[in-house]
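Note that the numbering runs from 1 along the sequence shown for the chain. Please read these numbers as outputs of a predicted model, since none were measured by experiment.
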Amino acid sequence: EVVPLDPRFPRGGKLTLTMTADGGQAHVYHLTPSELGWRGPGELSENHAWRLQLSSDSASWHLQGQWLPQAHFARLTP
C-alpha cells in the first residue's frame, strides 16, 4: 500500500511500483486508488532489500527509495 504523507501530493490515477532486488530480479506492480492512497496485489518479502521506483501512469514524475529488511515503511523521494 502506498500512502502519501504530503497533503499536496496529487491523488487519483494508477501508479506503477517497480521493485528490484540486489540480484537484479525486478517485480512490477500496478497500484489502484484506495481509501488511503493506492493499493496493489501481494506482499513484500521482509527478508530482502529492494530498490523501489514509483511512477504515475498519468504524469511524468517518479519517486525512488529503498526497502530495507524488516522495515515497516519506505520513504520515497524525487
Q. Okay, side chain of R11, backbone of L36: is any donor-acceptor separation there less than 3.5 Å?
A. yes
Q: Not counting sequence neighbours, which residues clear side-chain contact (heavy atoms from CB on, under 4.5 Å) with S55? List them please.
A: T16, H62
Rounded to the nearest 0.5 Å, what separation is found between the [atom1] atom of [X] and the [atom2] atom of [Y]?
X: H30; Y: D57; atom1: NE2; atom2: CG; result: 7.5 Å
X: Q25; Y: W50; atom1: CD; atom2: CH2; result: 6.0 Å
X: Q64; Y: L52; atom1: CD; atom2: CG; result: 9.5 Å
X: L15; Y: L63; atom1: CG; atom2: CG; result: 9.0 Å

Q. Do the ring centers of Y29 and W38 come within less than 6.0 Å of each other?
A.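 No, the ring centres sit 6.0 Å or more apart.
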Q. Are the ring centres of H48 and W67 closer than 6.0 Å?
A. no
Q | Closest contact, heavy atoms only, G37 versus P4 | A |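 Scanning both residues completely, I find the closest heavy atoms to be CA-CD, 4.1 Å.
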Q) How close do P33 and G13 get, heavy atom to heavy atom, and via which atoms? A)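 For P33 versus G13, the nearest heavy atoms are CG-O, 3.3 Å.
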Q: For side-chain contact (heavy atoms from CB on, under 4.5 Å), just list the numbers for R75 and L5, CA-CA rounded to whole Å, side-chain angles, deciding distance to a tenth of an Å, and then say yes or no.
A: CA-CA 10 Å; R75 182 175 182 176; L5 299 178; over 6 Å; no
Q: Could you tell me whether E35 atom CD has more than 12 heavy atoms of other residues or ligands within 6.0 Å of it?
A: no
Q.
L54 vs T18, test: side-chain contact (heavy atoms from CB on, under 4.5 Å). Steps then yes/no.
A. CA-CA 6 Å; L54 185 69; T18 303; over 6 Å; no
Q | ILVMFWY cluster membership beyond V28 - transitive side-chain contacts under 4.5 angstrom | A | none
**Q.** Joint hydrophobic cluster, M19 plus F73, side-chain heavy atoms closer than 4.5 Å
**A.**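 No, M19 does not connect to F73 through the hydrophobic network.
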Q: Is it possible for you to say whether F9 and V3 belong to one hydrophobic cluster, with membership spreading through side-chain heavy-atom contacts below 4.5 Å?
A: no
